[in-house]
Amino acid sequence: IKQLIECSWSNFLGIFSQLLADFDDEKVVTTCISNILRMAGTCGILHLDTIEEAFIKTITNATNVMEGREINGKNLKCIEELIDFVINYGKNIRKCWYIILIVLSKIDFYYSRQIDTDLFAKEIRKKAKLKNPEKELEIEIKNYELLRKYKFDLKCDTIFSKTTSFEKDSILNFIQSLCLVSTRELEDYATPRVYSLHKLVEVCDFNIFRIQIEWVQIWKLISEFLVKVITESQQMNIWTDALDLLRQTIGKLLQKPDLS
């Protein structure tokens, strides 16, 4: 079956991605999303990581979350199905966590504050390539108001607690990608955000009782990133927050039975 998928996946993806782009009918949209994600799940199980990434990228792009375009019912369906897919098949995802976590980060961006027109405006105007930043601001506010009606943030939290079931390669890629997304949050927004930084520590807590050979690699990635934030951040509230998170995590680490 691996050879069959390797020979035919591009045609399959081309058909369903085009249908997804061209149609708004609920049945067509649902069928396309379901089949794309089923193929992604199958590729993950078979360790066809590059092909799996292509299928998942199709859905992340179709969410419109990162594209500066208005989000509609079709995009909401893509967000919902993507989150459900990651909850159920996350342990088989190895190489495309970055694009998934970027989507989760942007979803949190909408959920984490009351509407702040000035903040949206600052972020949008930083994108110099945009020809009409005021129109883009209007779209962002509409997206904010629409997404706030749903409970995607609660479902996103489940993804992080599910990391305990990830295989070693998957959890390490997840953590590396989460560090990259956290760096992006701390540097790119008009107001730095610590969503992924805090989620990194949560993942650490969830996985603290893994076998020693896996935990050592996990802790190396997380501790090095926290130290980097502490030593390189120019904003006192950021580095003190990271220092407090590091202190808390070390305290929990010292309570592990194999260290007592």
Side-chain angles (χ1 to χ4, degrees), residues 40-41 43-45 47 49-50 52-53 56-57 60 66 82-83 85-109 112 153 155-189 192-233 238-239 241-256 258-259:
C43 291
I45 293 171
H47 289 256
D49 297 335
T50 301
E52 177 192 39
E53 184 175 8
I56 291 176
K57 275 187 175 180
T60 58
M66 300 304 300
L82 175 66
I83 294 172
F85 170 80
V86 176
I87 289 172
N88 293 315
Y89 291 92
K91 64 181 180 181
N92 296 318
I93 298 173
R94 281 167 288 275
K95 290 188 176 180
C96 54
W97 276 115
Y98 179 74
I99 56 174
I100 295 171
L101 291 170
I102 283 290
V103 172
L104 301 189
S105 174
K106 190 59 183 289
I107 290 173
D108 175 76
F109 176 70
S112 61
D153 56 331
K155 297 184 74 174
C156 289
D157 289 342
T158 305
I159 294 173
F160 297 95
S161 63
K162 283 274 189 175
T163 57
T164 54
S165 65
F166 290 6
E167 297 177 358
K168 186 186 75 170
D169 290 344
S170 183
I171 186 63
L172 293 178
N173 186 274
F174 182 94
I175 291 171
Q176 289 170 336
S177 299
L178 193 56
C179 290
L180 292 174
V181 175
S182 179
T183 300
R184 176 186 174 122
E185 290 176 355
L186 294 170
E187 293 178 351
D188 289 352
Y189 287 99
R193 298 167 54 233
V194 293
Y195 170 74
S196 294
L197 183 66
H198 282 252
K199 289 301 179 185
L200 189 66
V201 174
E202 286 184 22
V203 170
C204 180
D205 289 345
F206 289 135
N207 290 274
I208 201 168
F209 293 108
R210 280 180 177 262
I211 60 173
Q212 190 68 12
I213 192 172
E214 293 182 1
W215 168 252
V216 168
Q217 296 177 69
I218 291 172
W219 176 241
K220 184 175 187 295
L221 291 173
I222 294 175
S223 60
E224 287 181 353
F225 181 74
L226 288 173
V227 170
K228 179 181 177 182
V229 173
I230 293 167
T231 56
E232 295 184 6
S233 177
I238 299 295
W239 67 257
D241 191 21
L243 180 61
D244 186 54
L245 291 172
L246 180 61
R247 186 186 299 113
Q248 292 177 28
T249 306
I250 291 175
K252 293 177 181 179
L253 176 60
L254 294 175
Q255 296 175 18
K256 288 187 66 175
D258 53 349
L259 293 178

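Along the sequence shown, residues are numbered consecutively beginning with 1.
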With a 4.5 Å cut-off on side-chain heavy atoms, are [Y] and [X] touching?
X	Y	answer
I107	I83	yes
F225	L178	no
L101	L180	no
C179	L200	yes

Gap between atom [atom2] of [Y] and atom [atom1] of [X] - 0.5 Å precision:
X	Y	atom1	atom2	result
K106	T60	NZ	OG1	13.5 Å
F174	K199	CZ	NZ	9.5 Å
C156	D108	SG	CG	8.5 Å
W219	L226	CH2	CG	6.5 Å
I93	I56	CD1	CD1	4.0 Å
D157	K162	CG	NZ	14.0 Å

Using the salt bridge (Lys or Arg N to Asp or Glu O under 4.0 Å) rule, collect all pairs that involve residues 163-178, keeping only residues at least two apart or in two chains.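 Not a single pair qualifies under salt bridge (Lys or Arg N to Asp or Glu O under 4.0 Å).
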Inter- and intrachain pairs under salt bridge (Lys or Arg N to Asp or Glu O under 4.0 Å), touching residues 215-231, at least two apart: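 Every salt bridge (Lys or Arg N to Asp or Glu O under 4.0 Å) pair that includes a residue of residues 215-231, provided the two are not neighbours, is K220-E224.
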Listed by chain and number, what are the side-chain hydrogen bond (donor to acceptor under 3.5 Å, both in side chains) partners of N88, not counting sequence neighbours?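 For N88, no residue satisfies side-chain hydrogen bond (donor to acceptor under 3.5 Å, both in side chains) once neighbours in sequence are set aside.
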Quick one: do R94 and H47 satisfy side chain to side chain contact (heavy atoms under 4.5 Å, CB included)? Show the steps, please. CA-CA 9 Å; R94 281 167 288 275; H47 289 256; 3.5 Å; yes
Passes side chain to side chain contact (heavy atoms under 4.5 Å, CB included), D244 versus R247? Steps please. CA-CA 5 Å; D244 186 54; R247 186 186 299 113; 3.3 Å; yes
Going through the distances and angles, do S105 and E185 end up as a side chain to side chain contact (heavy atoms under 4.5 Å, CB included)? CA-CA 8 Å; S105 174; E185 290 176 355; 2.6 Å; yes
